[in-house]
Amino acid sequence: MLQCMAATILFSLPIRVFGWGLPEPIFCMAPAFAWAMIRPSMVAPFGVLVMGLFLDIFWGGPLGLWALSLLVAYGAVLGARNMMVGQSRPMMWIWFAAACAVAQTVGFLVTQLDARATPNLLAMLWQFLATILLYPFAHRLIDRFDDADVRFR
């Protein structure tokens with residue numbers, strides 16, 4: 001959780017390479033996805049909530065926007081967990097992309113309701129693409145606990 005927060009801060013630095021800024025993926029999606037897959041517990045939703053509130057405060061958005069988005073994505077993964085367990089790595093990457101799409105759709109709808117304007121869809125697409133590239137980190141987290149939990153065997 002702290003690593004995701006640090007990566008968010010690092011990637012928000014005003015560094016330009018060939019005139020392009022660093023992408024701003026939603027690093028918190030990786031643990032939110034992995035925690036729902038590894039072992040559902042009472043602590044994980046609170047961690048997801050804290051990460052979402054951190055994103056809201058850090059990015060200056062409406063308080064609760066990313067907290068709600070991440071919690072809805074966490075709940076969707078938790079609900080589909082039984083279908084996901086035992087899938088191949090490419091299929092899990094597709095599931096991760098679907099969870100990212102759920103989180104960003106909730107964020108889009110809440111932003112649209114709050115601002116009464118449509119957010120920049122191109123910026124959302126770039127953020128979505130940058131976020132789904134983070135799946136190897138979620139997979140690594142899942143793999144670390146794969147052998148420790150009998151439910152994965």
Side-chain angles (χ1 to χ4, degrees), residues 1-81 84-85 89 92-115 119-149 152:
M1 185 169 81
L2 294 176
Q3 290 174 343
C4 290
M5 292 175 179
T8 300
I9 293 169
L10 179 69
F11 271 65
S12 69
L13 295 175
I15 298 172
R16 297 258 179 219
V17 179
F18 303 114
W20 292 80
L22 294 175
E24 290 189 6
I26 307 165
F27 287 100
C28 300
M29 270 304 299
F33 181 82
W35 290 343
M37 288 297 301
I38 293 169
R39 183 177 301 151
S41 70
M42 293 302 292
V43 176
F46 290 110
V48 172
L49 177 71
V50 167
M51 288 187 300
L53 291 174
F54 165 77
L55 290 177
D56 292 333
I57 293 168
F58 186 75
W59 284 339
L63 196 59
L65 169 72
W66 283 110
L68 175 66
S69 299
L70 289 173
L71 282 170
V72 168
Y74 174 84
V77 171
L78 195 59
R81 180 178 185 271
M84 290 187 231
V85 171
R89 186 177 180 138
M92 289 296 290
W93 205 322
I94 292 170
W95 281 108
F96 181 73
C100 292
V102 166
Q104 290 212 300
T105 300
V106 170
F108 174 82
L109 294 173
V110 170
T111 300
Q112 197 170 25
L113 289 172
D114 183 51
N120 185 345
L121 294 175
L122 185 59
M124 285 187 62
L125 176 67
W126 284 118
Q127 187 177 39
F128 172 74
L129 292 175
T131 303
I132 62 173
L133 291 176
L134 296 175
Y135 174 71
F137 298 107
H139 186 77
R140 183 169 180 231
L141 186 58
I142 293 169
D143 273 351
R144 289 183 70 193
F145 292 94
D146 191 17
D147 294 329
D149 195 351
F152 282 98

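Computation of the quantities below employed the complete heavy-atom set of this structure, encompassing side-chain atoms and omitting hydrogens, waters and symmetry-equivalent molecules.
Between the side chains of Gln104 and Gln127, at least one donor-acceptor pair of N or O atoms lies under 3.5 Å.
Of the candidates Val110, Thr111, Leu109, Thr111 is the only one forming a side chain to side chain contact (heavy atoms under 4.5 Å, CB included) with Pro119.
The closest donor-acceptor contact from the side chain of Arg89 to the backbone of Pro136 lies at 3.5 Å or more, if one exists at all. No donor-acceptor pair under 3.5 Å is formed between the side chain of Thr131 and the backbone N or O of Pro25. Not one N or O on the side chain of Trp95 forms a donor-acceptor pair closer than 3.5 Å with the backbone of Ala80.
Annotation: side chain of Phe108 is in contact with side chain of Leu121 (closest heavy-atom distance under 4.5 Å). The shortest side-chain heavy-atom distance between Phe54 and Ile9 falls under the 4.5 Å cut-off. Proximity of Leu141 to Trp35: side-chain heavy atoms (C-beta onward) are separated by under 4.5 Å at one or more points. Using a 4.5 Å cut-off on side-chain heavy atoms (C-beta onward), Trp59 and Thr8 make contact. Looking at heavy atoms from C-beta onward, Leu70 lies in side-chain contact with Leu55 at the 4.5 angstrom threshold. Side chains of Phe27 and Met5 form no contact here, defined as non-hydrogen atoms less than 4.5 Å apart.
One finds the CE atom of Met29 at 15.0 Å from the CZ atom of Phe137 (value rounded to the nearest 0.5 Å). Rounding to the nearest 0.5 Å places SG of Cys28 at 9.0 Å from CE of Met1. Rounded to the nearest 0.5 Å, atoms CH2 (Trp66) and CG (Leu71) are 12.5 Å apart. In this structure, Arg81 CZ and Ile38 CD1 are separated by 9.5 Å, a value rounded to the nearest 0.5 Å. The NE2 atom of His139 lies 10.5 Å from the CE atom of Met37; values are rounded to the nearest 0.5 Å. For the atom pair CG of Leu68 and CG of Leu53, the computed distance is 10.5 Å after rounding to the nearest 0.5 Å.
Considering all non-hydrogen atoms of both residues, Pro62 and Asp114 come closest at CG-OD2, 3.3 Å. What you find for Ser69 and Gly107 is that their closest heavy atoms are OG-N, 3.2 Å. Taking both residues in full, the closest heavy atoms of Ala101 and Phe128 are given as N-CE1, 3.6 Å, listed atom of the first, atom of the second, then distance. Counting all heavy atoms, side chain and backbone alike, Asp56 lies closest to Gly64 at OD2-N, 2.7 Å. Contact between Ala44 and Tyr74 at its shortest, heavy atoms only, is CB-OH, 3.4 Å. The shortest non-hydrogen separation linking Val77 to Ala36 is CG1-CB, 3.4 Å.
Summarising the local packing, CZ of Arg140 is surrounded by 12 or fewer heavy atoms from other residues, nucleotides or ligands at distances under 6.0 Å. Within a 6.0 Å radius of CD in Gln3, no more than 12 heavy atoms belonging to other residues, nucleotides or ligands are found.
Ring pair Tyr135/Phe96 is tilted by interplanar angle, where 30° to 60° counts as tilted.
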